[in-house]
Amino acid sequence: MENCSNLFKVSALTAAMFGVVAMPVQASTESAAGDQYVEAINEFMADSALNASFIVDTRSRTRTTPEAGHKDGERWSRLNYSSYNAILDFTSGYHDGWLGADIGGYYSGDLYNDSLQNGDDEYLCNEISTCNNLDWGAGEGGQLKLYKAALKFKAGENFDARFGMIQANGNGTIGNVWSFVPGTYRGAELNANFGKVKATYFIADQYTAPWLLSDDDYAPALWSDTSWGITHSLGLQVDATKDLFLQFGVGQTTDVRYAGDIDWGPGGGVLNYQEEVDTTGYKVYARYNINDTMTIAYDFYGVDDDAQYEGLGYTTGLSFNANFGKVSWMSDVQYASSDNDRDVNPRMIYTYGMTNGNYSLWWDALSDWNKSGELSWYNRVAYNQGNGWNYYLGLGYGTGGKSAAEGAAGDWDYESEYAFNATVAYSLQAGALKGSTVRLHGTVLERDEYAGARSADETDLRLQVIIPYSFN
């Protein structure tokens, strides 16, 4: 992707960040640079943190869609892998109370992979190990990725800023893409605190998903060949009362150009592109504490995108959470709609994996529950045993989406869907590896397709091992 602006040279910034990390934790008082150098280094490192995580994600996901030589309704394995992330994250203190630096990177790969392959023997991208593009090459790309390298600034207790390869803090319309490691924006963030009010301005001219090494990796998948200029957002959050939290956001992405017609044959490519558009995002969130054990929240995320929605597309929902000692319960209701009945994605660029929005309802239940006109309801009951063992069981149901015959557009064509999922997890309660977690999660998703539509049922089974470690 070729961006309209170039905020800074990443290579120079990266070199500077590595220079910071290489500084000694405690410099010698006999340093040739003198006592002032020693004092500055000690101050810089005093409030620093160096944290690591090692994660193994083992997954088996099936579909019944007629793809890869399989008949409609025949269940086949789409993802079958065990991949890892080794993450190292450094956060500095502030020199002279105002200047600091953060840097983070990760190494990834596959322990084994028996997922779907293409004609070049590349494995389907799995969002955990780095890929050649958004479709193929899991575990085959360059394995080391620097995902954060930023200078940070502070002016007293009320103002702070970050500049470089960064992540959004979520106050506004811009968020971070899913995975164990966040995606990377090339840009800046400014925060101002006024008592109970926090304002955030975020701007970026480039983004890479966690499993991609470069923004050039989007185009080879053809369908994801999308370019854009800048994305920016203004967010405002306020503790209106002791029990009421509010958040508002408005954002814009300029010069968004989506792929048009595609030649999928050998040697094919994108034949044309849609007309460039500027998209606008809107965010409203409110959470109220009913009492010490119950909360209710409202979330709205909308995008004005003339290319994808011919106007407005939005998702909105209510969430209720209650805690009864070791037992907790959540109940979420969500509705999605767009002006042209296309599936809705809560982000300012429609293309998958290319930036993200800030939306709170996510049920880890395979479906996005995002067909235009679809009303969905999810309930989950969880039990915390108190000794490191945790369990939950959830059930979701959605219906109301229009059919393709009625003009709806999206990945699947179904009248209703339901899913049930469950998780068993154990976390260490003490010791150097406190917080290390083993998590087994499973989902079964069934859909009632419209007449003539292809089958779209799925299952998912994941075993995750997460080991955090702090060097502090």
Side-chain angles (χ1 to χ4, degrees), residues 55 57-62 127 170 175-176 178-180 243 245 247 285-301 315-336 344-346 356-371 374-401 414 416-427 435 437-448 456-466:
I55 296 156
D57 181 60
T58 303
R59 187 178 194 184
S60 175
R61 181 170 179 173
T62 72
E127 301 176 359
N176 302 311
W178 51 94
S179 196
F180 297 110
D243 295 313
F245 173 81
Q247 187 180 65
Y285 179 80
R287 184 181 66 247
Y288 180 72
N289 298 324
I290 300 172
N291 53 41
D292 292 340
T293 62
M294 297 182 184
T295 64
I296 189 168
Y298 170 76
D299 204 343
F300 173 91
Y301 194 98
T315 53
T316 187
L318 285 170
S319 181
F320 174 77
N321 285 268
N323 193 312
F324 307 99
K326 293 184 177 182
V327 178
S328 60
W329 176 50
M330 64 172 283
S331 184
D332 293 355
V333 177
Q334 175 178 281
Y335 178 73
V344 180
N345 293 331
N356 205 27
N358 177 21
Y359 187 64
S360 61
L361 273 66
W362 183 74
W363 304 328
D364 200 5
L366 293 179
S367 176
D368 291 323
W369 311 89
N370 64 338
K371 286 184 66 66
E374 182 175 18
L375 179 67
S376 49
W377 186 25
Y378 180 81
N379 288 275
R380 174 185 294 168
V381 60
Y383 179 73
N384 183 346
Q385 197 165 306
N387 59 356
W389 286 98
N390 289 272
Y391 318 89
Y392 78 67
L393 182 65
L395 175 64
Y397 177 79
T399 189
Y414 53 85
S416 64
E417 59 181 336
Y418 72 88
F420 61 88
N421 57 359
T423 290
V424 177
Y426 176 76
S427 298
T437 300
V438 178
R439 178 179 183 265
L440 179 63
H441 173 81
T443 300
V444 174
L445 172 67
E446 298 285 331
R447 286 168 168 146
D448 181 16
D457 300 336
E458 298 190 53
T459 66
D460 195 30
L461 185 64
R462 303 184 77 165
L463 175 65
Q464 296 168 341
V465 179
I466 303 170

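Given the structure is predicted, the values throughout are model-derived calculations rather than measurements. Note that these values count all heavy atoms, side chains included, but never hydrogens, waters or copies made by symmetry.
Under the side-chain contact (heavy atoms from CB on, under 4.5 Å) criterion, Ala286 pairs with Leu246, not counting sequence neighbours. Under the salt bridge (charged side-chain N to carboxylate O under 4.0 Å, His left out) criterion, Asp460 pairs with Arg59, not counting sequence neighbours. For Leu440, the side-chain contact (heavy atoms from CB on, under 4.5 Å) partners are Leu461, Leu463, not counting sequence neighbours. In this view, Glu458 and Arg61, Arg63, Arg447 satisfy the salt bridge (charged side-chain N to carboxylate O under 4.0 Å, His left out) rule, not counting sequence neighbours.
No side-chain donor-acceptor contact under 3.5 Å links Glu417 to the backbone of Ser367. A donor-acceptor contact shorter than 3.5 Å links the side chain of Asn358 to the backbone of Gly170. No donor-acceptor distance shorter than 3.5 angstrom exists from the side chain of Asn289 to the backbone of Asn291, with no hydrogens or angles considered. Checked by atom type and distance alone, the side chain of Thr437 pairs as donor or acceptor with a backbone atom of Gly435 at under 3.5 Å.
Put simply, the side chain of Tyr397 reaches to within 4.5 Å of the side chain of Thr399, judged on heavy atoms. Proximity of Tyr392 to Asn421: side-chain heavy atoms (C-beta onward) are separated by under 4.5 Å at one or more points. With contacts defined as side-chain heavy-atom distances shorter than 4.5 Å, the pair Tyr285/Phe245 qualifies. Side-chain contact between Asn356 and Asn176 is absent, with no heavy-atom pair separated by less than 4.5 Å. Side chains of Ser360 and Tyr301 form no contact here, defined as non-hydrogen atoms less than 4.5 Å apart.
In terms of heavy atoms, Met294 sits closest to Phe320 at SD-CZ, 3.9 Å. Of all non-hydrogen atoms in Pro346 and Thr315, the two that sit nearest each other are CB-OG1, 3.9 Å. Across every non-hydrogen atom of Ala365 and Ala419, the tightest pair is O-CB, 4.0 Å. Contact detail for Val344 and Asn370: the closest heavy-atom pair is O-ND2, 2.8 Å. A pairwise comparison of heavy atoms in Trp363 and Ser376 identifies CH2-OG, 3.5 Å as the closest pair. Shortest non-hydrogen contact noted between Tyr378 and Gly394 is OH-CA, 3.4 Å.
Note that OG of Ser416 is 12.5 Å distant from CG of Leu375, once rounded to the nearest 0.5 Å. Atom NZ of Lys371 sits about 5.5 Å away from atom OH of Tyr414, to the nearest 0.5 Å. Atom OG1 of residue Thr443 and atom CZ of residue Phe420 lie 9.0 Å apart, to the nearest 0.5 angstrom. Rounding to the nearest 0.5 Å places OG1 of Thr316 at 10.5 Å from OH of Tyr335.
Between Trp389 and Tyr426, the ring centre distance stays below 6.0 Å.
Applying the salt bridge (Lys or Arg N to Asp or Glu O under 4.0 Å) rule to pairs touching residues 358-368 yields Asp364-Arg439, sequence neighbours excluded.
Environment of CG in Asn387: crowded, with over 12 heavy atoms of neighbouring residues, nucleotides or ligands closer than 6.0 Å. More than 12 heavy atoms of other shown residues, nucleotides or ligands fall within 6.0 angstrom of atom OH in Tyr298.
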Let me check something: any side-chain donor-acceptor pairs from residues 321-330 under 3.5 Å, sequence neighbours excluded? List them with distances.
unit_1: Asn321; atom_1: ND2; unit_2: Ser319; atom_2: OG; d: 3.3
unit_1: Asn323; atom_1: OD1; unit_2: Gly325; atom_2: N; d: 3.2
unit_1: Lys326; atom_1: NZ; unit_2: Gln385; atom_2: O; d: 3.3

